[in-house]
Protein chains: 2
Amino acid sequence: MSLKFVLLTLLDREPRTGYDLVRTFDTAVGYFWNASHQQVYRELGALADARLVKFKQIEQEDKPDKKVYSLSSSGQKALRLWLENPLKAQKNKDLLLVKLLNANSTNLSLMREELQRNIHDSEILQATYLEIEQRFYSARQLRSLPDNQVMIYAALRKGILSIEAHLAWLKEVDKLLGKTFKK
Amino acid sequence: MSLKFVLLTLLDREPRTGYDLVRTFDTAVGYFWNASHQQVYRELGALADARLVKFKQIEQEDKPDKKVYSLSSSGQKALRLWLENPLKAQKNKDLLLVKLLNANSTNLSLMREELQRNIHDSEILQATYLEIEQRFYSARQLRSLPDNQVMIYAALRKGILSIEAHLAWLKEVDKLLGKTFKK
DNA sequence: CTACTATATGCATCAAAGTGCATATAATCA
DNA sequence: TGATTATATGCACTTTGATGCATATAGTAG
């Protein structure tokens, strides 16, 4: 039920092809969602069957033909209805914590490797996000940011704040592990 | 493939019944995982079929009979193998952000209501977590915390740090929304 | 006496998500 | 000429998740 509303949201902002949608997950929307092309095409098919979206077949000479999808009026209605209803809280399942639950004095180095890897990856992602923020969302640029881009910026901010907290936690756990399980 | 390793992890720490496992999700492990009893029993059945767990049927007089599950040697091997392999990064999908992507000047109040609800719920959860920390994990209690409880505490810390960051972000977004879409 | 709660386990069905496989055009690279 | 990349779409299969239904014992609350 979720991907459905992601696609409706994106198509409401701007008509797109399935291919465009998939690429969107590789860039801006990728901060908080992703889906494989197979999932996207399947869901688009279902949405079209349910008449929530319509599409125009467009022939291209240099590239394969494509279908440009947009919301139908009942699609807009469905989206509006979804917006009006409160979200229910989502639980985030965390496999890293599951792994760490297995920590003991014999596998300490394994666990710390996993933590270090995680710290490393997180720092790289953090650097990437911060660079994007500096390059595209300076105080000056923010003042002239188009309205429909503001929540994309908010998504980036979410990524930045989450990673910061995650890194702080990782370092805390690394200390905790060392103190607890060193022989 | 995930619930499988959660169950193996929990059963490796201590043999349990399906019912015990479900209750674990309602308490400590609930910080970072949950599953319905139907899912748990099905997965336990699959694990038993695959000979990764074994169980003893135990008759009780005052309560219904139960099955106490524990890891088989191949279950332990499977768990160890999983621990040795790096986790792949998980993407957290965020429906709140999807909803906010739809923000515009006509639905501003709707969006702010959603944000306020989220702030309220998060503050309640935060208070709960902080209370648990104060009550069960004071500096004094931490010094005598059994080794196998340390990562449960880490899970709580993860919850606390995540919520703090989430709250900071929510308040940031609320300001951003106000600035952008007020008429 | 009836309802409800706690303990305890499970099946069946359907919706959603993930993965592998498949196809087609056109351009570029080696 | 053959390989790879970008564009573009989709089916089939499997796994996972969610929900409803079903059953059984025993204690407690009203």
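Values below: all heavy atoms of this structure, side chains included; hydrogens, waters and symmetry mates excluded. Lettering follows sequence order; numbering is per chain, from 1.
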> Side chains of A/S70 and A/L11: does their closest heavy-atom pair fall under 4.5 Å?
Replying inline: no

>> Regarding B/T9 and A/N102, do their side chains bring together a donor and an acceptor under 3.5 Å, going by distance alone?
In response: yes

> With side chains defined as the heavy atoms from C-beta onward, is the minimum distance between B/F25 and B/V6 less than 4.5 Å?
Replying inline: yes

> In whole angstroms, how far is the P atom of D/dT15 from the CG atom of B/L47?
Replying inline: 14 Å

> Are the charged groups of B/R135 and B/E131 less than 4.0 angstrom apart, N to O?
Replying inline: yes

>> Could you tell me how far apart A/K91 (NZ) and D/dG17 (P) are, to the nearest whole angstrom?
In response: 14 Å

> Once you round it to whole Å, what is the distance between P of D/dT7 and CG of A/D26?
Replying inline: 11 Å

> Are A/E59 and A/K66 close enough for a salt bridge, meaning some N to O gap below 4.0 Å?
Replying inline: no

> Taking the side chain of B/T17 as heavy atoms from C-beta outward, which of C/dA17, C/dT9, C/dT25 is closest to it?
Replying inline: C/dT9

> For the pair made of CG in B/L21 and P in C/dT9, what is the distance, rounded to whole Å?
Replying inline: 9 Å

> Is A/K4 touching bases, backbone alone, or none of the nucleic acid, heavy atoms closer than 4.0 Å?
Replying inline: nothing

> Are the aromatic rings of A/Y129 and A/Y31 close, with centres under 6.0 Å apart?
Replying inline: yes

> Out of C/dA8, C/dA17, C/dG10, which has the shortest distance to the side chain of B/K66?
Replying inline: C/dA8

> When you match B/L3 and A/K63 each to their closest nucleotide on DNA chain D, which lands nearer the 5' end?
Replying inline: A/K63

> Phosphate oxygens OP1/OP2 of C/dA6: is one of them under 4.0 Å from a side-chain N or O of B/R23?
Replying inline: no

> In whole angstrom, what separates A/Y19's OH from D/dT7's P?
Replying inline: 4 Å

> In whole angstroms, how far is the P atom of C/dT25 from the CG atom of A/D65?
Replying inline: 11 Å

> B/I58 CD1 to C/dT7 C1': how many Å, rounded?
Replying inline: 14 Å

>> Check the phosphate of C/dG18 against B/K93, side-chain N and O only, distance under 4.0 Å to OP1 or OP2. Yes or no?
In response: yes

>> I need the CZ-C1' distance between B/F25 and D/dA18, as an integer number of Å.
In response: 15 Å

> Does the distance from a Lys or Arg side-chain N to an Asp or Glu carboxylate O, for B/K99 and B/E114, drop under 4.0 Å?
Replying inline: yes

>> Does B/Y69 reach a base, just sugar-phosphate, or nothing at all? Heavy atoms under 4.0 Å.
In response: sugar-phosphate

>> Using a 4.0 Å cut-off on heavy atoms, which residues in residues 27-43 of chain A reach DNA chain D? List them by number, or say none.
In response: A/H37, A/Q38, A/Y41, A/R42

> Base, sugar-phosphate alone, or nothing: which one does A/E61 contact when heavy atoms must sit under 4.0 Å apart?
Replying inline: sugar-phosphate

